[in-house]
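These notes concern the structure reproduced below.
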Amino acid sequence: MFKEKTNSLKIETLSQSEEQDYLIHSRIEIQQILQTICKHNTRSALYFDARRNFFLTLVLGANDTGIWIDPASRATDNRRLLDSPEIIFVSSHNQSKVQFVAHNPWQVIYEDKEAIFLPLPQQLLRLQRRDDYRLAAWPRHPLHCILKPAKNQARIMSVMDISLGGLSLECQDKDIELRPGKIYSDCEIDLPEVGKLTATIQIKNSFEISNRNGKTRRRVGCVFLQPLKAMTMPLQRYVAQMQCRSASAGMHP
């Protein structure tokens, strides 16, 4: 039994409304997340005895029925876990915390070794705090943000990176006032395979960058103001999909 927990593997406690923003119900997506955790030998934690005790472990295998877990080193911990009516699994996936509640664990043999089997959960919490991860633009899947100044025509800006909390834009237009504090409403961002988002953004900073060829462009950091669930859920899904693709390809976006 490990006596110390790492911060990343502590149980996350959210309000019911907060939790709904991060829950995944798709069995295929849940399976893919758990398979990625298994593939990368990501350290995980199992909590039992009404969350009073835990041990660190690894996922040995995962499929559409559930996951196989490496048992604890102490037989007493395994017996108490198997007798627990509720088990909390905590791990991480592409820099996001993963957590779900498991019931009815089995002691089994997996690839000629002892293991604990947990049925595939019906829902999984994938917690990505707004500023935890910023997804850099992938050249094969470029993103654009359409700004709509009040007195000017709409302008299309290239998105350099995006997160649940905001985005960075590359700007060549000199006729748009992109000073810190400026607010633009009804901005549109088209996420491939997910859909179009409409957001209100506020400019936080603006600075010049120089390319290798010597040309200078402006890069603008923005935050989403009062993002609604209708926006954050698709954006979270898009970021997760691109992270999975990047991991599968063995490369960064």
Side-chain angles (χ1 to χ4, degrees), residues 12-26 29 93-97 123 125-209 216-246 252-253:
E12 193 75 26
T13 302
L14 303 175
S15 67
Q16 187 173 4
S17 59
E18 287 178 322
E19 189 175 85
Q20 291 303 315
D21 290 339
Y22 300 103
L23 281 176
I24 295 174
H25 298 276
S26 167
E29 192 170 352
H93 173 259
N94 292 337
Q95 303 183 42
S96 298
K97 178 172 286 186
Q123 61 185 26
L125 183 72
R126 187 178 186 275
L127 180 62
Q128 187 174 60
R129 295 298 190 185
R130 290 181 182 177
D131 297 325
D132 280 354
Y133 183 85
R134 300 188 72 86
L135 178 70
W138 202 347
R140 287 176 288 177
H141 301 272
L143 296 180
H144 298 92
C145 179
I146 301 176
L147 298 184
K148 300 178 180 180
K151 298 181 180 180
N152 300 314
Q153 293 182 348
R155 293 291 188 270
I156 300 177
M157 308 287 183
S158 295
V159 176
M160 305 304 295
D161 60 57
I162 192 167
S163 72
L164 298 185
L167 72 169
S168 294
L169 303 175
E170 186 178 59
C171 175
Q172 298 184 40
D173 295 310
K174 301 299 183 181
D175 58 340
I176 296 181
E177 188 179 18
L178 294 174
R179 56 180 173 80
K182 188 75 173 180
I183 296 175
Y184 293 92
S185 58
D186 299 323
C187 300
E188 295 180 357
I189 307 165
D190 193 9
L191 302 179
E193 302 179 20
V194 173
K196 184 178 294 183
L197 301 183
T198 301
T200 297
I201 66 172
Q202 182 178 33
I203 309 300
K204 298 298 290 184
N205 53 65
S206 177
F207 52 92
E208 302 286 335
I209 58 174
T216 301
R217 295 181 178 179
R218 271 191 299 167
R219 187 160 181 166
V220 180
C222 313
V223 295
F224 296 126
L225 293 184
Q226 298 180 336
L228 301 176
K229 183 177 179 179
M231 188 195 84
T232 57
M233 299 258 325
L235 181 54
Q236 182 185 12
R237 186 163 64 251
Y238 172 76
V239 171
Q241 287 177 357
M242 297 306 290
Q243 285 177 305
C244 287
R245 289 185 183 182
S246 176
H252 296 291

Would you say that [X] contacts [Y] through its side chain, given a criterion of any heavy-atom pair below 4.5 Å between the two side chains?
| X | Y | answer |
| --- | --- | --- |
| L167 | I189 | yes |
| L143 | D190 | no |
| S158 | H144 | yes |

How many angstroms lie between atom [atom1] of [X] and atom [atom2] of [Y], to the nearest 0.5 angstrom?
| X | Y | atom1 | atom2 | answer |
| --- | --- | --- | --- | --- |
| R237 | R126 | CZ | CZ | 12.5 Å |
| L169 | R155 | CG | CZ | 14.5 Å |
| I183 | T200 | CD1 | OG1 | 8.0 Å |
| M157 | E170 | CE | CD | 10.5 Å |

Where do [X] and [Y] come nearest, in terms of heavy atoms and distance?
| X | Y | answer |
| --- | --- | --- |
| N205 | P180 | CA-CG, 4.2 Å |
| I146 | A154 | CG2-CB, 3.8 Å |
| C187 | L147 | SG-CD2, 3.4 Å |
| T198 | D186 | CG2-CA, 3.8 Å |
| F224 | A199 | CD2-CB, 3.8 Å |

**Request:** Could you go through the side-chain contact (heavy atoms from CB on, under 4.5 Å) check for E188 and C145 one step at a time?
**Result:** CA-CA 6 Å; E188 295 180 357; C145 179; over 6 Å; no
**Item:** Chi angles and distances behind the side-chain contact (heavy atoms from CB on, under 4.5 Å) call for L164, Q236
**Value:** CA-CA 7 Å; L164 298 185; Q236 182 185 12; 3.9 Å; yes
**Request:** Output, in order, the C-alpha distance, side-chain angles, deciding distance and verdict of side-chain contact (heavy atoms from CB on, under 4.5 Å) for Y238 and L197.
**Result:** CA-CA 11 Å; Y238 172 76; L197 301 183; over 6 Å; no
**Message:** The test is side-chain contact (heavy atoms from CB on, under 4.5 Å); show your working for D161 and R219 and say whether it passes.
**Reply:** CA-CA 11 Å; D161 60 57; R219 187 160 181 166; 3.0 Å; yes
